[in-house]
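Each chain gets a letter, A, B and so on, in the order the sequences are listed, and its residues count up from 1. Just so we're clear, the structure is a prediction, and the values are computed from it rather than from any experiment.
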Amino acid sequence: MIVDAILSPEFLNATLRATTPILFATLAAAVAAKCGIINMALEGIMLFSALFGVLFSAMFQSGILGLLATMVMGGLIGLLLAFFVLKLKTDEILAAIAINLIANGATILILLMLSGDRGVSSSVKSVPLPRISIPVIENIPYLGAVISNQNVLTYVSLIMVVVVHIFLYKMPLGLRIRAVGENKNAAESVGISSKKIQYIALVISGVLASMGGFFLSGGYMTYFTTGMTAGRGFIALAASFMGGNTPVGGFSVSLLFGASSALSNILQLGNWPYEIIQMLPYITTIIGLAIYSYVRMKKRQKLSDRG
Amino acid sequence: MSHNVLEMKNIMKIYPNGIVAVEDVTLELQKGEIHALLGENGAGKSTLMKVLFGLESPEQGQIFLNGEEIQLKSPLEAIKKGIGMVHQHFMLVSSLTVAENIVLGIEPKKSIFVDMNKAIDISKELAKKYNFDIDVTQRVEELPVGIKQKVEILKALYRGADILILDEPTAVLTPQETEELFVQLKKLKELGHTLIFISHKLDEIKSICDRATIMKSGKSKGTYKVSEISTNEMSKLMVGRDVVMTFDKKPLSLKETALKVRNLIVEGTTGVVRVDDLSFDVKQGEIFGIAGVEGNGQGHLVEALTGLTKKYCGDILIFDQNISNKNINEIRKLKVSHIPEDRMTLGCAANMNIMDNLLSNQYQSSEYSGRFMLKLKKIEERVNKLIKEYLIKCKSYKQNVGMLSGGNIQKVVVAREFSTEPKIIIANQPTRGIDVGAASFIRQRIIEFRDAGCAIVLISADLNEVFELSDRLAVMYKGKFSGVFTDVKKLTEEELGKYMLGIKKDEVLEGIIYE
């Protein structure tokens with residue numbers, strides 16, 4: 001029964017849907033990593049964005065405007081992280097932990113103040129982004145059921161893989177981000193301001209992460225619940241790392257995590273213990289990281305043997 | 001005649017710690033020449049060039065470019081004025097291609113994208129113009145050192161460098177790569193560029209430079225036409241003692257052979273042979289000095305002797321035991337002590353206190369370590385005793401070593417290394433960069449250990465030190481011993497300078513091995 005479920009177009013459709021928020025965050029992690037900073041605040045940025053996505057879209061009574069406002073806010077949090085790390089010389093991990101902890105508490109507080117509820121935002125009349133069906137593809141058997149009828153942001157996330165790839169590898173700013181991340185001194189010796197580049201990269205990273213956060217409450221679901229990011233920001237960090245911090249590599253690993261997330265939804269139909277099934281995406285992360293590190297270690301050993 | 005393209009007048013640079021690195025130095029560059037800046041390590045060459053490249057601002061002095069006074073506040077300004085620098089440690093981004101590295105920061109654009117094809121074309125053209133044979137689409141990480149250096153030179157040229165500073169460019173190159181570099185530097189000169197060539201290798205200067213400015217302890221010893229000055233004269237200006245010091249030593253009494261080295265070859269990371277087939281013996285009761293300009297393989301020799309590297313061929317025997325399979329701890333258990341060259345990286349843990357540092361080679365011994373806990377009372381006693389004995393100036397042993405002055409840090413290192421009753425001491429630049437008082441204290445200690453029958457290998461670039469301490473003296477030049485002297489007292493500084501700079505070389509080394 002489970003095998004049938006996995007082969008069904010519905011499962012692949014659900015995989016894409018579950019991949020979307022992780023994918024945005026993975027791209028965000030990749031841009032930050034390329035400039036030499038680990039953006040561990042992804043989780044907090046996503047959580048803030050999930051809440052404010054609901055609030056903004058309710059305020060503007062428009063999903064698009066809500067998304068744009070959320071992206072601005074995500075960029076600002078990225079800027080804040082950059083300010084801590086680059087200006088105040090805080091440790092990047094500690095600054096990120098602070099942002100994540102603030103996000104945990106502040107989202108509950110704000111939700112309580114504005115909706116009177118500390119768990120769900122269902123009393124706020126928000127406007128989620130719509131699903132679209134793609135004219136020709138929707139009629140293709142199987143494929144149509146997988147690809148068509150997804151949320152707008154799912155398509156946007158797929159397009160962003162290409163956009164971020166082009167940005168990093170074809171545009172001057174991307175080249176400079178990569179140069180700064182790899183050898184700051186070399187970049188500075190030719191007159192590139194490494195700080196400016198890192199500020200820009202972290203803002204972009206924040207914007208990308210906020211899109212993933214918005215999707216959670218304005219696409220994947222239509223309301224905000226506390227803690228709804230459920231570690232996706234951290235999973236994305238792992239995904240980006242395993243994908244070699246490249247957009248395309250990160251995309252393939254995000255798909256894996258999306259699939260394990262979708263799988264855990266299907267398994268709930270069987271009579272497996274709920275708690276174990278819920279652990280699936282996280283176990284996938286740990287196993288994935290372990291395999292990745294092992295392979296890399298072996299490769300290094302081979303290289304050093306040669307040298 | 002050609003005019004002066006650049007003049008640095010009466011430059012003075014004093015570092016915040018009070019060390020005068022450059023004192024009243026004047027340097028004049030003529031258009032289209034290769035100008036050597038010659039001097040030993042620490043003579044102030046690099047500091048002077050840092051001033052010229054906008055990395056350090058001088059306390060005094062003026063810089064004129066084509067007769068116009070200029071202020072250089074940052075490398076960027078220097079680059080804009082047509083001054084380029086090829087650093088000893090390359091400033092390249094490894095995962096990018098050669099072309100990307102060359103255009104980085106001023107990329108050619110096609111609308112909002114980098115015009116990669118144009119970047120490749122520009123780089124190819126540049127390489128062709130200057131006769132550099134480089135595949136510009138290769139990633140820098142895949143390139144050998146010699147080619148990386150060419151990329152650095154191209155980078156500077158693409159930014160319009162008329163004056164190119166080359167900071168010891170041959171230090172990392174193999175002889176073949178050096179040959180190739182020289183051909184290219186001559187080509188650059190033909191095309192009208194002015195080059196500053198920093199070096200302490202006289203043969204290289206003779207072969208490609210037009211004029212040379214010689215520096216010694218921060219001062220200029222004058223500028224000379226290379227064709228009109230002999231290597232002997234150059235070495236005399238470059239090497240020499242400012243003050244002569246003497247120490248009392250007991251008459252030499254040799255005991256058994258402690259250290260035996262046979263046919264030792266050590267390769268550096270870039271595949272350059274750093275120690276080239278060395279053999280020598282050291283007996284208990286003598287100080288075996290190894291003189292030489294830094295970077296002639298002394299560091300690699302020490303790494304092999306102390307077990308820091310295992311990548312060597314040949315044999316090292318300590319009291320007739322081969323150490324090729326012994327780790328550093330096992331070598332130390334053979335009563336070998338090591339004063340490392342760089343006290344801050346290998347000598348101490350700067351963020352730990354004096355007690356921890358003094359204990360770091362002893363904490364495993366049952367005398368100071370119980371089954372679970374350290375025996376703090378005993379440790380405290382020992383540490384306080386050492387602080388007193390070695391005159392370490394500190395508030396208490398709880399002070400972090402990094403807070404002490406250079407001389408006192410070195411005393412901590414020496415106290416630790418000498419406190420284990422060593423039978424062999426490998427002392428690498430034991431008094432470099434510390435005050436006179438601490439230096440003479442440490443030298444005195446070394447002599448005491450020698451008198452007590454310890455075998456000592458003293459590696460030093462300081463002539464006072466090798467002259468006064470050594471019972472036997474070898475000079476290291478390009479990985480080999482260029483000479484060995486059993487009667488150090490008869491040796492003159494001039495003579496030693498010739499051996500250090502490779503002007504003189506003995507084919508047969510007498511007295512290096514005991515029968």
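- Only the side chain of A/Ile192 comes within contact range of chain B, with at least one heavy atom under 4.5 Å from a heavy atom of that chain.
- A 6.0 Å sphere centred on CE of B/Met344 holds more than 12 heavy atoms belonging to other residues, nucleotides or ligands.
- Contacts between residues 99-115 of chain B and chain A, counted as heavy-atom pairs separated by less than 4.5 Å, involve B/Glu100, B/Leu104, B/Gly105, B/Ile106, B/Glu107, B/Lys109, B/Ile112, B/Phe113, B/Val114.
- Contact annotation: the side chain of B/Pro75 never approaches that of A/Glu188 to less than 4.5 Å [non-hydrogen atoms, C-beta and beyond].
- Within the 4.5 Å cutoff, no side-chain heavy atoms of B/Val93 are placed close to those of A/Val180.
- Ranked by non-hydrogen atom pairs under 4.5 Å with chain A, the options B/Met91, B/Lys155, B/Arg159 are led by B/Met91.
- Annotation: A/Leu101, atom CG; neighbour count of heavy atoms from other residues, nucleotides and ligands within 6.0 Å is above 12.
- Heavy-atom distances place the side chain of A/Ile166, and not its backbone, under 4.5 Å from chain B.
- Of the inter-residue distances, the one linking B/Ser95 atom OG with A/Arg178 atom CZ reads 6.5 Å to the nearest 0.5 angstrom.
- Residues B/Leu76 and A/Gly191 come closest through the heavy atom pair CD1-CA, 3.3 Å.
- Atom CD1 of B/Ile122 sits in a crowded spot, with more than 12 heavy atoms from other residues, nucleotides or ligands closer than 6.0 Å.
- Around CD of B/Glu125, the count of heavy atoms belonging to other residues, nucleotides or ligands within 6.0 Å does not exceed 12.
- Taking OG of A/Ser189 as the reference point, atom CZ of B/Phe90 lies at 12.5 Å (rounded to 0.5 Å).
- Counting non-hydrogen atoms of other residues, nucleotides and ligands closer than 6.0 Å to CG of B/Asn325 gives a total of 12 or fewer.
- Other residues, nucleotides and ligands contribute at most 12 non-hydrogen atoms within 6.0 Å of the CG atom of B/Asn351.
- Between A/Asn185 atom CG and B/Leu92 atom CG the span is 11.5 Å, to the nearest 0.5 Å.
- Environment of CZ in B/Phe53: crowded, with over 12 heavy atoms of neighbouring residues, nucleotides or ligands closer than 6.0 Å.
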